[in-house]
J.: 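Take this structure, written in C-alpha cells, and hold onto it; I'll ask about it next.
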Amino acid sequence: MRSDRGGFDTRAIHAGGGVNPERALCPPIFMTSSFTFDDLAAADDVMSFRSDDYVYTRGNNPTLRLFEARMASLEGGSGAVAFASGMAAISSTLLSLLKPGDELVAHRTLYGSAHSFVSTLLPRYGIACRFVDLTDPRAVETALGERTRVVYFETPSNPNLDIVDIRLVGRAAAARGARIVVDNTFATPYLQRPLELGADVVVHSATKYICGHGDAVAGVAVAKDPDYVKTLKFGYMCELGGVLSPFNAWLLLRGLKTLGLRMRQHCANAERVAAFLADHPKVERVFYPGLEGSPGRETAMSQMSGFGAIISFEVKGGLAAASRAVDTSELFPIAVSLGDCETLIQLPAAMTHRGYDRERLAEFGLTESMVRLSVGLEDSDDIVAELDRMLAEA
Ligand SMILES: Cc1ncc(COP(=O)(O)O)c(C=O)c1O
C-alpha cells in the first residue's frame, strides 16, 4: 500500500508516495536546479499553473513535493511548504500573514531567533508585536486587539515547556478574525496536531525530531487552506528564497519513517528522567508537563498524546553549580539543537536564548542557571546514571 490511508506510523512511511518511474523502493533524490520542457507551449502550461510539472527547484521538485505531501498527511493539513530551516518557515509564514499596521500577539517565551524576529525585525516593517502569557486563560481573553491579525506560539514552548491551550486561543482568534500559527517542533505531529485543534498554520524546525538524526537543517509549514498553501509557496517561499535542498528533503523522508517509533522511546525515556530529576536533592525545580502538579499538565493531556522529551531544570546553587554539572558531562554533548538520538544538554540563557534581554529572561522565569535537556534514545539507565554523576559534581 502506498497511499494516504492508515494510521500515523503507516502514513509516516507511505503517505504521498506513488511508484516512481524506476520502481526504486526509496524515493530518488532529484538533485537538479532546473527541469526541461519539450517546447515553449509546455513551459507556458506550467508557468500558468495549467500543469503540475516542474520548472525550477526553488518553485518545486519531486523530492520536496513528496516530503510536503507526507507532512501534510501527518499534520492533517491540505498541503505543506518545505523550507531551508525552521526560521525560514517561521519568518516566511509570519510575513505572509501580516502587513504594515497589523499587530502580532506572541507567547512570551519563544525560541531565541523567533523571539528576535518578531520583536526586532517585524517592527522595522511597521508590524507591532506584543508578548502575552498565553498560558493564562484571562490574558487570552483580553490579549487580542483591533489590529491583531496573527497569534503565534510554541507549545510546549522553548525552553520552559509552557503549554498553551490551542483550542482556547483558536476560539479567541477566530472570534476576532485573527489566524493562529503554532510551532509544533517540540511535540511533532505524532504527539499533537494543532490544525485539528483550531490552528491555521503549523510550523516546524524540521531540523529536530522530524529529521531525528542531527544531520540536516530544515523547516516546514503546513496549513488547512489550500489557497493559502499556494500563496505561501509561490508568493513568499519562492520570492524570499529559503528553499529546502532536495538532499535534505530525502534525509527528512528517511527520518519520518521512524518518527512514531522514536517519539515513543523519547517520551518513555523522558518520563523516567523527569521523575528522577524531580526527586533529586540537588535539583531545585523541573519544567516538564508530564510531572504531577506541573502547571501545563492538564492542558497537555487534553491536546497531546504524550509529554515529549524536552526537560528543563534548575540546579540548586545557581549558575556556578549548573555549569559545573554540565561541564562534567561525558555522555551528553553540549549542543544547542534537540530532537536527536543523542541526549543533548545546554544552558538556554547563555546559548539558544542569548538574544533575550536579561530583564525579560528574569521576568519570564528563565534564569541563567536553567539547564535544558533533550532526552535522547540511549538506554534510560545510562541517561539517569550520567545525570546522577553530573549532579554529584554540582
Ligand atoms: C521551537 C523552535 N522553533 C524554531 C527553531 C528554529 O529552527 P531552525 O534552527 O531549523 O531554523 C528552533 C531551533 O532550535 C526551535 O527550537
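Residues: numbered from 1 along the sequence shown. Counting convention: from 1, in listed order, for ligands and their atoms alike.
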J.: Please check whether Gly86 reaches ligand 1 - meaning an N/O of the residue sits under 3.5 Å from an N/O of the ligand, judged on distance alone.
T.: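 Yes, Gly86 has an N/O under 3.5 Å of an N/O on ligand 1.
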J.: Go through Thr36 and Tyr54 one step at a time and tell me if the side-chain contact (heavy atoms from CB on, under 4.5 Å) criterion holds.
T.: CA-CA 8 Å; Thr36 60; Tyr54 301 95; over 6 Å; no
J.: List ligand 1 atoms under 4.0 Å from Ser85, heavy atoms only on the residue side.
T.: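 Those of ligand 1 that fall under 4.0 Å from Ser85 are 10 (O), 11 (O).
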J.: Enter the distance from Phe131:CZ to Thr109:OG1 here, rounded to the nearest 0.5 Å.
T.: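 Atom-to-atom, Phe131:CZ and Thr109:OG1 are 10.0 Å apart.
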J.: Considering only non-hydrogen protein atoms, determine which one is nearest to atom 5 (C) of ligand 1 and report residue, atom name and distance to 0.1 Å.
T.: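 The closest one turns out to be Tyr111 CD2, 3.4 Å.
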J.: Between Phe276 and His280 (judged by ring centroids, cut-off 6.0 Å), do the two rings come close enough to count as a pair?
T.: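 Yes, close enough.
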J.: Once you round to the nearest 0.5 Å, how far does SG of Cys267 lie from CZ of Phe307?
T.: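 The distance works out to 9.0 Å.
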J.: So how far is it from Gln265 CD to Glu378 CD, rounded to the nearest 0.5 Å?
T.: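 If we round to the nearest 0.5 Å, Gln265:CD and Glu378:CD are 10.5 Å apart.
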J.: Is any NZ, NE, NH1 or NH2 atom of the basic residue among Arg65 and Asp52 found under 4.0 Å from an Asp or Glu carboxylate oxygen of the other?
T.: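 Salt bridge present between Arg65 and Asp52.
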J.: Relative to the heavy atoms of Ile90, which atoms of ligand 1 are at a distance of less than 4.0 Å?
T.: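 Ligand 1 atoms under the 4.0 Å threshold to Ile90: 4 (C).
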J.: Check each heavy atom of Leu110 against ligand 1 and say whether those closer than 4.0 Å belong to the side chain, the backbone, both or neither.
T.: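 The answer is neither; Leu110 stays 4.0 Å or more away.
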J.: Within the 4.0 Å heavy-atom shell around Ala218, which atoms of ligand 1 are there?
T.: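 This gives 10 (O) as the contact atoms.
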J.: Give a yes/no on ligand 1: does Val203 have at least one heavy atom closer than 4.0 angstrom to it?
T.: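 No; Val203 lies far enough from ligand 1 that no heavy-atom distance drops under 4.0 Å.
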J.: Taking the six-membered ring for Trp and the single ring otherwise, decide whether the centroids of His204 and Tyr209 are under 6.0 Å apart.
T.: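 No: the rings miss the under 6.0 Å criterion.
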J.: Answer whether the closest heavy-atom distance between the side chains of Arg372 and Ile345 falls below 4.5 Å.
T.: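 Contact flag for Arg372/Ile345 side chains = no.
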J.: To the nearest 0.1 Å, how far is atom 3 (N) of ligand 1 from its closest protein heavy atom, and which atom is that?
T.: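 Looking only at protein heavy atoms, the one closest to atom 3 (N) of ligand 1 is Asp183 OD2, 2.6 Å.
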J.: What's the shortest distance from atom 16 (O) of ligand 1 to any protein heavy atom, and which residue and atom give it?
T.: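 For atom 16 (O) of ligand 1, the nearest protein heavy atom is Asn158 ND2, 3.0 Å.
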J.: So is there a nitrogen or oxygen of Met87 less than 3.5 Å from a nitrogen or oxygen in ligand 1?
T.: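 Such a contact does occur with ligand 1.
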J.: Can you confirm, on distance only, whether ligand 1 has an N/O atom lying under 3.5 Å from any N/O atom belonging to Lys208?
T.: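 Yes, at least one N or O pair falls under 3.5 Å.
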J.: So if I count the atoms of ligand 1 from 1 in the order they appear, which ones are less than 4.0 Å from some heavy atom of Glu154?
T.: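 Listed by number with element: 1 (C).
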